[in-house]
Protein chains: 2
Amino acid sequence: MSTSECCDGAEAPDCAGSVTGVVTLDEVAAVKLATALKVLADPVRLRLLELLATSPGGEVCACDLVEPLGRSQPTISHHLKVLREAELINSERRGTWIWYSVNRDAVRQAVAALQTVTGLHPALA
Amino acid sequence: MSTSECCDGAEAPDCAGSVTGVVTLDEVAAVKLATALKVLADPVRLRLLELLATSPGGEVCACDLVEPLGRSQPTISHHLKVLREAELINSERRGTWIWYSVNRDAVRQAVAALQTVTGLHPALA
DNA sequence: TGTCAATATTGAAGCGCATCGATATTTCGT
DNA sequence: ACGAAATATCGATGCGCTTCAATATTGACA
C-alpha cells in the first residue's frame with residue numbers, strides 16, 4: 001500500500017509507496033533554511049563574504065567593499081544590511097568606519113542544515 | 001595607502017586598505033555558485049530533497065511527492081525540473097513512473113564551494 | 001557648532017520566480 | 001488502437017528582489 005493515493009488507480013499496479021523515511025523538515029523549518037540560503041544565493045553577497053573571509057585580519061572596512069564589486073554604494077550598503085540581519089556577518093563601528101567580518105558559526109549552521117536535509121551528513125547534531 | 005580611493009579625503013586618516021587577500025571568485029564564478037544556491041533556496045525544493053534523501057531506497061516516485069508537500073502537481077513538476085536541470089537530482093523513468101534521487105556529488109560540490117568562499121574550508125580541493 | 005566623509009534610507013524601475021488551472025504528452029495495459 | 005494514469009508544458013498572476021539616483025543620517029574634528 002502506498003503512502004498516498006496517487007497510484008492506486010485501476011490500471012496502474014501501484015508504485016509501492018517509496019516515501020516512508022523520517023522527515024525532519026516541516027514547512028516552517030524549510031522556510032527558515034530557504035531564507036538563509038536565499039541570502040547566500042546572490043553573486044554580490046558571495047563576493048562580499050569572500051572579501052571578508054580572505055582579508056588578512058578577517059575584517060574589512062565597508063569603504064573598501066564598494067569599488068571591487070563595481071556596484072553603487074547604496075547597493076553595497078543594502079547587501080551588507082541583508083547579510084547583517086541574517087547574522088551571517090558581524091559589524092563593528094570604529095570611529096568613522098564600520099568593519100565587517102564573517103560570522104563563521106552562522107555559516108556553519110546553514111551549511112550543516114543543508115547537509116542534513118540532503119542526506120550528506122547523518123544529522124549527528 | 002589604501003587599495004581603493006574611498007577613504008583618502010582630507011579629513012579622514014585613511015582606513016588602511018583592509019582588502020588585500022587573494023580573491024578567487026570572479027563575477028562569473030560568483031554568479032555560478034549563486035545560481036546553484038538559488039536552486040537550493042526554496043522551501044519546496046528543500047523538502048523535496050529531504051524526501052528523496054530520507055527515503056529508504058534513496059529514490060522516490062514522483063507521484064509520491066505531490067501530496068506530502070501540499071502543492072499542485074504542476075508546481076511539483078516544475079520544481080523537479082529545476083532541480084534536475086541544476087543536476088542536483090537524478091531521474092530515471094521505470095515504466096509508468098519516474099524515480100528521483102539526490103545527486104550527492106553535486107550537492108557536495110555546492111557545499112564545498114560555499115565553504116571555500118566563506119572561509120570555512122581552507123580550499124583543500 | 002559647523003563642515004566633511006562614511007554610511008543608511010527612500011522611492012522607483014525592471015526583472016525573475018512561485019504558483020495555479022487548463023491542457024498536452026507519454027506510457028502502460030487491454 | 002483505445003482508455004486511463006502519470007508527468008510535462010503553457011499562460012497568467014502576484015509577489016519579491018536587485019539596482020540606482022537622490023537624499024538623509026551619523027560621527028569625527030576643528
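Throughout, a chain's letter reflects where its sequence line sits, starting with A, and its residues are numbered from 1.
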Exercise. Rounding to a whole Å, what distance do you find between A:Leu65:CG and C:dA8:P?
Worked result: 11 Å
Problem set entry | Side-chain donor/acceptor contact of B:Gln73 with base of D:dA8 under 3.5 Å | yes
Filtered N/O pairs between nucleotides 10-15 of chain D and protein, under 3.5 Å:
none

Exercise. Quick one: which of C:dA18, D:dA8, C:dT7 gets closest to the side chain of A:Ala62?
Worked result: C:dT7
Exercise. With a 4.5 Å heavy-atom cut-off, do B:His79 and B:Thr75 have their side chains touching?
Worked result: yes
Seminar exercise, completed: In whole angstroms, the gap separating P of D:dT18 from CG of A:Leu69 amounts to 14 Å
Exercise. Below 4.5 Å, heavy atoms only, C-beta onward: do A:Leu120 and B:Val102 meet side chain to side chain?
Worked result: no
Exercise. So do A:Arg84 and A:Lys81 actually touch side chain to side chain, heavy atoms under 4.5 Å?
Worked result: yes
Seminar exercise, completed: When rounded to whole Å, the CD to P distance for the pair B:Glu92 and D:dT7 reads 14 Å
For this session: Give a yes/no on whether any side-chain N or O of A:His79 is located under 4.0 angstrom from OP1 or OP2 of D:dC17.
Result: no
Exercise. Does the side chain of B:Thr75 get closer than 4.0 angstrom to OP1 or OP2 of C:dC20 through an N or O atom?
Worked result: yes
Exercise. Over how many whole Å does the gap from A:Leu80 atom CG to D:dT19 atom P extend?
Worked result: 12 Å
Problem set entry | Nearest to side-chain heavy atoms of B:Asp42, which nucleotide of D:dT7, C:dA18, C:dT7 | C:dA18
For this session: Send over the distance from B:Glu67 CD to D:dA6 C1', rounded to a whole Å.
Result: 16 Å
Exercise. Looking across every strand, which nucleic acid part, if any, lies under 4.0 Å from B:Arg94 by heavy atom: base, sugar-phosphate, or nothing?
Worked result: nothing
Exercise. Taking for each residue the nucleotide of DNA chain D with the nearest heavy atom, is it A:Ser72 or B:Ile98 whose nucleotide lies nearer the 5' end?
Worked result: B:Ile98
Exercise. A:Asp64 has an atom CG; how far is it from atom C1' of C:dA5, in whole Å?
Worked result: 14 Å
Exercise. Does the side chain of A:Leu51 come within less than 4.5 Å of A:Asp64's, by heavy atoms?
Worked result: no
Exercise. Should A:His78 be listed as having a side-chain N or O under 4.0 Å from OP1 or OP2 of D:dT18?
Worked result: yes
Problem set entry | Check: A:Thr118 side chain, A:Leu114 main-chain N or O, donor-acceptor pair, under 3.5 Å | yes
Seminar exercise, completed: From CD1 of B:Ile76 across to P of D:dA6 the rounded distance in Å is 15 Å
For this session: Quickly work out the A:Arg47 CZ to D:dT19 C1' distance and round it to whole Å.
Result: 16 Å
Exercise. Mind checking whether A:Asp105 and A:Arg108 have side chains closer than 4.5 Å, heavy atoms only?
Worked result: yes
Problem set entry | Validation row: B:Leu88, B:Val82 side chains within 4.5 angstrom (heavy atoms) | no
Seminar exercise, completed: Comparing nearest nucleotides in DNA chain D, the 5'-proximal residue of the pair A:Arg93, A:Val82 is A:Val82
Exercise. Are any of the side-chain nitrogens in B:Arg71 or A:Glu27 under 4.0 Å away from the carboxylate oxygens of its partner?
Worked result: yes
For this session: Give a yes/no answer on whether the side chain of A:Arg45 brings an N or O atom under 4.0 Å of OP1 or OP2 in D:dT18.
Result: yes
